[in-house]
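We name chains A, B, ... by the order of the sequence lines, and we start the count at 1 in each one.
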Amino acid sequence: MEHKIIEKKWQDYWYNNNLFKASDDSEKPKFYSLVEFPYPSGAGMHIGHVRAYSGLEVVSRKKRMEGYNVLFPIGFDAFGLPTENYAIKTKIHPREITDKNINVFTKQLKSCGFSFDFDRVIDTTDENYYKWTQYIFLKLYNAGLAYRSHTYVNFCPSCKCVLSNEESQGGICDRCGSNVIQKEKDVWFLKITEYAQKLLDGTEGLESNPRVKTEQINWIGRSEGAHIDFKLKEANDALRVFTTRADTIYGVTFMVIAPEHPILEKYEHLIKNLDEVNKYKEEATHKSEFERVELQKNKTGVKLIGLTAINPISSKEIPIYISDYVMMGYGTGAIMAVPAHDSRDYEFAKKFGCEIIPVISGSDTLPYTDIEKGNMINSPLIDGLSVKEAIPTMISKISELKVGERTVNYKMKDWAFNRQRYWGEPIPIIYCDKCGIVPVPYEDLPVKLPFIKDFEPNENGESPLSKVESFVNCTCPKCGGKARRETDTMPQWGGSSWYFLRFTDPKNDKEFASYEKMQKWLPVDWYSGGMEHVTRHLIYSRFWNEFLYDMNLVPVQEPYKKRGLCGLILGSDGSKMSKSKGNVIDPLDIVDQYGADVLRLYILFISDYEMATPWNNESIKGCARFLDKVEALDSMVDKNSHEYSKSLKVLINQTIKGVSSDIDNSKFNTAISKLMILVNAYSEKESVTLLDYEVLLKLLNPYCPHMAEELWHRYHDDSIQFEPYPTYNENDLIEDTCLMVISINGKVRDKVEISRGLSDDEVKEIVLSRDRVKSYIESGYKKIIIIKDKIVNIVV
RNA sequence: GGGAGAGUGGCGGAAGGGUAGACGCGAUGGUCUCAAACACCAUUGGAGCAAUCCGUGUGGGUUCAAGUCCCAUCUCUCCUACCA
């Protein structure tokens, strides 16, 4: 069949007639299937996109046939670095590049025949969209969940730009490849930590692969323990630590604080070796991520002279060190060091000659970190207790004395939310000399991104927007005086944190989405995407949704009911596809050569949907042959027969059942193999009935809709897209006879066709009378096990 | 260091404790062709003429029966990382 002609024909038909439009007022049950919307890069659609969309595409087409009102939307997450970098290089404006890329992408999506509702396309860089991204930011700000703080961040000294953790992976700047350092800057944070427990609880009900849950749980990183205050000898103040091991408090022989710890500045005047301390601090902040990891085992630090802590339980005086093995970002940025029972503290103590006091019996070799075995020693208040008893006992003691309390700590950190970039949503904040930080009033949104030509950040690492005076200068909404705008923009993750809400009502200019429409469509029934977004986008978007839910602006607490995973397609050499390796497969080449139907079929047949799998240019031929076979069946169809062929009835029923449940479980590969088996069975016959053939086409339609539609129209006038999905008859799933496998001592020796449902005695009689069996049990047998209609095992 | 997942033919991969290798690719032989490509038919885990034996990373175990369950161990991939 000429795929180029028929694919074009049916795509025009579907898209021109808006066949996949989701209806806001249909009586049918709703189904919201969502794929992670793409970043419209200049390189166009990648083979990975095809796999990602083909999965839910099949689900969505099937759901429509099953009578659901399906919302299967697509959009573009178009703000971001690659476009901005491309703009810097080519001097073409990001707006122009984005529009062009979105156009190309849309064409490519349509050339695959994906059944997205193209009436609901959203573009995060459209001011009618980012207006609401800014609106939600203001909501967060007004709720106290967006705050500004002066702190250390990743900074690229060459680009003079602050980077997020994502943009500085491995301590290397994404843009120029220089080593990233830590620099003190003003940073906007979103207080995602306030939602840590809710996010943790919310993972409970999510339908998904266990990996998705575990990774989120680990990322949130809840740990139970206590805050303990260690008084300072030289000042009326205390150093607060977080610990999960309150039991070891008698073993504390020193304290360690992070180089960025505020106590250093606060008590500068008391520190006698300030020069040495500051020098260490300077070095630590300039260490790249790479160096910190490299030097992991080699602990460094400086003892503070002039500051001493006092153990609140033993009253012992203990020294304080500064070292970069303690992180400001976790717990309180200070620890009580117990070298006898913590390997990091032990290494440090060995190097710096600190005292080591064991407080748990059980081993002669230190550090001893097993909490299961051993009892407390050298610990007057808790001697003799096990570790597990000692922890709560000591925590109660500490709260009694009011020097600390039970607490829960989360590994997750607040979300650094500003970037010194042009191509992002402007943060809607104004700075007034009189009034301080003033949020832009809701009615003044959007704060539009001005159209400029120079996208480079300035010398001080300030956003390109800081150079645009017409943007920066403004009046204070509170006092009407002169004021300045925030010139930083939001990160990549902003617009994508709520896009699934917008799809329910994409053109609304009064609200980000109407409550009624969200009520109709939410939650997302099936959200499909890659593992790489599980600890970022998935957490971020759940956070925004939960926040909006608490504000009564969204009807569901958790936005996603089910999260499906899609694995990577690797190059045929088994490594990640990349231009430099030259192993990139362009999906459009495949569409051109074999057609969209073959590509869609093969990308799902290639392996289990969740697994990473290498592409294979040879194997795809099998799928092309399969479709040829389907078409060849057309000439065998007996148009006058509207019942199943007798000999195919059971197989057809089994196939309907199997294919359907495979799709529901994202086992697209085995569903396709079942269709192949069915087609092979058809091909062996002289002719098939019209009904046989129609069922096949319907089952095939979600995968290869162009072909199914074309062949369907040879017998019908209407589209196949909304034909009822085939159902099976429970009574027609099994044959009257079954193949009984006979094994002797667990090894298959014989097989016999018998009628189904025979009693054990009847089976025994048949089996034992067989010559082949007799030859094995001449001298009798010990035992015979019969599994009805399946297998017999004789133990000799 | 911590967590998760995975090891099955030449390759991609199938197998609710019950015929290991479904389905597809590739390969071999054949038909068609002057020839090739396509297509079609047959074979295809290994050894053996055969009966049969051996086979799911490795070593144990449970069971009438183990790729599947249990214990130990090795390797690979991903995530995370001095997490106190």
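Looking at heavy-atom distances under 4.0 Å, A:Lys674 makes no contact with the nucleic acid at all. When heavy atoms are screened at a 4.0 angstrom cut-off, A:Ile791 is found touching base atoms of the nucleic acid. Backbone-only engagement by A:Asn669 is indicated by non-hydrogen atom pairs under 4.0 Å involving sugar-phosphate atoms exclusively. Note on A:Asn793: a base of the nucleic acid sits closer than 4.0 angstrom, heavy atoms only. Among the protein residues, A:Leu739 comes within range of the nucleic acid bases, having at least one heavy atom under 4.0 Å from a base atom. Nucleic acid contact for A:Ile677: sugar-phosphate only, since backbone atoms but no base atoms lie under 4.0 Å from a heavy atom of the residue. Across all strands, A:Asn209 comes closer than 4.0 Å to no nucleic acid atom at all (heavy-atom distances). Contact annotation for A:Asp345: no contact, since no heavy-atom pair falls under 4.0 Å across all strands.
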Between A:Asp760 and A:Lys788, is the salt bridge (charged side-chain N to carboxylate O under 4.0 Å, His left out) condition met? List the steps.
CA-CA 7 Å; A:Asp760 285 2; A:Lys788 207 170 164 71; over 6 Å; no
Take A:Tyr602 and A:Trp615 through the ring-ring contact (aromatic ring centres under 6.0 Å, His included) test and state the conclusion after the steps.
CA-CA 10 Å; A:Tyr602 179 59; A:Trp615 177 263; 5.1 Å; yes
Evaluation steps, salt bridge (charged side-chain N to carboxylate O under 4.0 Å, His left out), between A:Arg240 and A:Asp229
CA-CA 4 Å; A:Arg240 171 166 283 198; A:Asp229 291 329; 2.9 Å; yes
side-chain contact (heavy atoms from CB on, under 4.5 Å) between A:Met531 and A:Asn209, intermediate numbers included
CA-CA 10 Å; A:Met531 202 60 206; A:Asn209 185 307; over 6 Å; no
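Nucleotides B:U62 and B:A72, compared at atom C1', are 15 Å apart to the nearest Å. Using atom C1' as the reference point in both B:U19 and B:A65, the two lie 12 Å apart (nearest Å). Rounded to whole Å, the separation between the P atoms of B:C83 and B:G13 comes to 36 Å. B:C82 and B:U77 have their C1' atoms separated by 24 Å, given to the nearest Å. As rounded to the nearest Å, B:U68 and B:G3 have C1' atoms that lie 24 Å from one another. With P as the reference atom, B:G21 and B:A14 are 15 Å apart, rounded to whole Å. Straight-line distance between the C1' atoms of B:G46 and B:A36: roughly 34 Å, to the nearest whole Å. Nucleotides B:G9 and B:C23, compared at atom C1', are 15 Å apart to the nearest Å.
Counting only distance, with no hydrogens or angles, the side chain of A:Thr253 and the backbone of A:Glu355 share a donor-acceptor pair below 3.5 Å. A donor-acceptor pair under 3.5 Å is formed between the side chain of A:Asn583 and the backbone N or O of A:Ser578.
A:Lys299 forms no cation-pi arrangement with A:Phe348, by the criterion of a distance under 6.0 Å to the ring centre and an angle within 45° of the ring axis. Taking the centre and axis of the six-membered ring of A:Tyr325, the NZ or CZ atom of A:Arg344 falls outside the cone set by 45° and 6.0 Å.
Closest contact between the side chain of A:Phe605 and the listed nucleotides B:A84, B:G13, B:G24 involves B:G24. Picking from B:C64, B:G13, B:U80 the nucleotide with the shortest atom distance to the side chain of A:Thr535 gives B:U80. Here the side chain of A:Glu618 is nearest to one of B:C25, B:C82, B:G16, namely B:C25. With distances taken from any side-chain atom of A:Ser607 to the nucleotides B:G13, B:G24, B:A84, the minimum falls on B:G13. The side chain of A:Val741 has B:U19 as its nearest neighbour among B:U19, B:G24, B:G26.
A distance below 6.0 Å separates the ring centres of A:Tyr540 and A:Trp415.
In this structure, A:Val795 and A:Ala612 both approach RNA chain B, and ranking their closest nucleotides by distance from the 5' end singles out A:Ala612. Mapping A:Lys667 and A:Arg625 onto RNA chain B by nearest heavy atom places A:Lys667 at the nucleotide closer to the 5' end.
Dashed line: the shortest gap from a side-chain N or O of A:Thr613 to OP1 or OP2 of B:G13 is under 4.0 Å. Between B:C64 and A:Lys783, a contact under 4.0 Å exists linking OP1 or OP2 to a side-chain N or O.
Checked by distance alone, A:Lys782 brings no side-chain donor or acceptor within 3.5 Å of a matching partner on the base of B:C64.
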Output one letter per nucleotide in nucleotides 41-55 of chain B: B when a protein non-hydrogen atom lies under 4.0 Å from the base, S when only the sugar-phosphate is that close, - when neither is.
-----------SSS-
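Taking CD1 from A:Ile754 and CD from A:Glu762, the interatomic distance works out to 9.0 Å, rounded to the nearest 0.5 Å.
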Dump every N/O contact between nucleotides 72-78 of chain B and the protein below 3.5 Å, one line per pair.
none

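When the shell of 6.0 Å around CZ of A:Arg749 is examined, it contains more than 12 heavy atoms from other residues, nucleotides or ligands.
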